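Everything quoted here is computed from the prediction, not taken from an experiment. Note on naming: letters A, B, ... go to the chains in the order of the sequence lines (proteins, then strands), and numbering restarts at 1 for each one.
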2 protein chains.
Amino acid sequence: MTRDPHGPDSGRSAVRRPASIKDVAAAARVSPTTVSHVLSGNRPVNEQTAARVRSVVNRLGYVPASLARSLQAGSTSVIGLMIPDISNTFFAELAKGAEDAAHDLGYGVILCNTEFDAEREDRYLGMIRSRFIDGMVYASGSPPSRRRLEALMGRFPIALADEEVDGLEGALIATADHEAGGRLVGEHLRELGHRRALMVTGPRELKSGVARAGGFVKAFQGHVTERVGDFKEHSGYRLVSELLAAGDPDFTAVFAANDLMAFGALTALREAGLSVPGDVSVVGFDDIRAASLAHPSLTTVHQPAYDVGRTATAQLLQYVSRGEVPPASRHTLPVELKVRASTAPPAR
Amino acid sequence: MTRDPHGPDSGRSAVRRPASIKDVAAAARVSPTTVSHVLSGNRPVNEQTAARVRSVVNRLGYVPASLARSLQAGSTSVIGLMIPDISNTFFAELAKGAEDAAHDLGYGVILCNTEFDAEREDRYLGMIRSRFIDGMVYASGSPPSRRRLEALMGRFPIALADEEVDGLEGALIATADHEAGGRLVGEHLRELGHRRALMVTGPRELKSGVARAGGFVKAFQGHVTERVGDFKEHSGYRLVSELLAAGDPDFTAVFAANDLMAFGALTALREAGLSVPGDVSVVGFDDIRAASLAHPSLTTVHQPAYDVGRTATAQLLQYVSRGEVPPASRHTLPVELKVRASTAPPAR
DNA sequence: TTGTAAGCGTTATCAG
DNA sequence: CTGATAACGCTTACAA
């Protein structure tokens, strides 16, 4: 028994097959071609005919299947957004910017939350090869996997957001000015009178963290102890705790390469009975929402996460929407130092 | 110099048309059918032939076009996730749960960030009618628009997350136990000795807020002044400020229907020179990340945002993946009172 | 074990 | 101004 969408009662519980362009054409006694053109406006149609078609469209509740349209057009108007953790406010802001830019151009965004999991990332990258998405905004925040590089090097439409990737100098990339951020922190602490600092960096593979550290060291011009963290709160806590436990810490200020680790540092210092900023100053990076609410409120570098996401996406779509391959280009967005309560001149 | 895809030699730099199943078939001297079956395993294929096909697949870098597959199958393995603001950590957590559940079942998630914009919401709801997505997890957090209701009532596969919608008692819904949360707060404040409270609610159209208030009033059994906010920080600030400015506030505790408004209240109290919790206790709802970092840290009701997203999605997909319409059902997830530093017995 | 052909629902091309 | 036909790239009866 076949289903007839016009049937008197195709039955309440069953899922009715939605009307197709053919159903509309038949009911309006025109060809599918004409229906298509009435809806798209791609060529003039007699007003009488058009009216008849439109009325049938309404009556049947016809909505064109975008899938078929995509197949025919060769593009889906959907892009992927690859990020490691959507519950991190930095990436959430970035996602918002990406979604906004995509929405402006009529694109949808598939959320690819990797949890730093390479396998998961690979699966999502596969979507681009299966042509389910027209491009990818990539902000994975972890070192490149083999398949990832393959996809990128294969000149698939990908834009890097916030983070460069080694060996991909020829990509489209939008990023905050990490080095300038580091420099601002270095200058700030130096001006306050600090001469010995602890820098908690991110993993060496991540260029952004390296740039932050580089800018800082250059501007601080004092003694810097470096420790490598992983951008998670606990590593900030652990590294600072260890140094304090080892006795006589050789720093009056801590610069963590992101706010999360700065929070960890704050906790470690508090537990050690040190006051912030009385005994030790602390600076973060990112300016996530919690930074201004923490106690003491955190001096940090504001990253324009929203703009990074928005810029990367807008740039990508500018080319993708014309069927072109995005060329190499770099968009560096300005950062800003937010001086709050966690920094002060060193004691003595 | 422009790129001309039709040029005499679109050669090396141009975008090569990706290999299709026909290309593979031709190169392997078999029919497309066989290629399909080698890849899907849907019917046995001679091992020799299969090997030959696989080798060609590798050589050509063939990846099946999921679009065509979807068209044929009548489903995309993609769902939509409608939320008002991805940069709100509550919704970000919810999104994470949804993405996780979807990923487990091989589904992709299209991020539909509405910014509380009805037009934007409508556009996204259109996707479900155009069959680009197989279902929708709906957590919009604003009163229903006409089209929304239409979509929902039309028995499209939609699951409500976190928020009921009026007139949709027959939907699949996963939500935190808002009423129990309100009750916990009421009991807590009562036990501390408070007898007069200010309750800052959300908009009346949102059932979750109403349930929170209801539970609270019932359990508190004292005098409650109610003011209607909009779930944004500023409204908490404004409402409390106004009451304080009017002189002699008739409360020793404030219960805000979400953390954001509680933060606003905190600011208003501080500006009025009142100490928290010394003069006034403050309680929020949601337990967003900033709640534990604020000063004083905020007593609040922890909502299992991740679980709400995960449950709604898992439930939805359980039916959608079988082509069934999700039946009415309700999943109420437990909440937990987090007692922190913003509550204490009333002065005197 | 394999192939042919008919879809899935559109839109572009070409003809009238 | 309108229509028939052929794609788009895949899966799946039905046949051999």
N-O pairing of B:D100 and A:R120 below 4.0 Å: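 Salt bridge: yes.
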
Whether B:R123 and B:D117 form a salt bridge (side-chain N of Lys/Arg under 4.0 Å from carboxylate O of Asp/Glu) is what I want to check.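 No salt bridge links B:D117 with B:R123.
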
I want to confirm an ordering. Mapping B:Q72 and B:R131 to their closest nucleotides on DNA chain C, which one lands closer to the 5' end? B:Q72

The answer to which of B:T34 and A:A73 contacts DNA chain C further toward the 5' end, by nearest nucleotide, is B:T34

Which parts of residues 20-28 of chain B get close to DNA chain D, meaning a heavy atom less than 4.0 angstrom away? B:S20, B:I21

Let's see if you get this right: which residues in residues 35-54 of chain A place a heavy atom under 4.0 Å from DNA chain D? A:R43, A:P44, A:V45, A:N46, A:T49

Heavy-atom distance under 4.5 Å between the side chains of B:R330 and B:T175, does that happen here? yes

With the side chain counted from C-beta on, respond yes when B:E164 and B:I173 share a heavy-atom pair under 4.5 Å apart, and no when they do not.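 Touching, per the 4.5 Å side-chain cut-off.
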
How many whole angstroms separate atom [atom1] of [X] from atom [atom2] of [N]?
X: B:L67; N: D:dA7; atom1: CG; atom2: C1'; answer: 15 Å
X: B:F132; N: C:dT10; atom1: CZ; atom2: P; answer: 14 Å
X: B:R17; N: D:dA7; atom1: CZ; atom2: P; answer: 12 Å
X: A:Y62; N: C:dG9; atom1: OH; atom2: P; answer: 10 Å

Working for side chain to side chain contact (heavy atoms under 4.5 Å, CB included), residues B:V35 and B:V30: CA-CA 7 Å; B:V35 176; B:V30 295; 3.8 Å; yes

Tell me if the CD atom of B:E119 is crowded by more than 12 foreign heavy atoms within 6.0 Å. no

Any residue meeting side chain to side chain donor-acceptor pair (under 3.5 Å) with B:S55, in chain and number order, not counting sequence neighbours: none

Just how far is it from atom CZ of A:F156 to atom CG of A:L125, taken to the nearest 0.5 Å?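 These two atoms lie 10.0 Å from each other.
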
Classify A:T33 by what it touches in the nucleic acid, base, sugar-phosphate, or nothing, heavy-atom distance under 4.0 Å. base

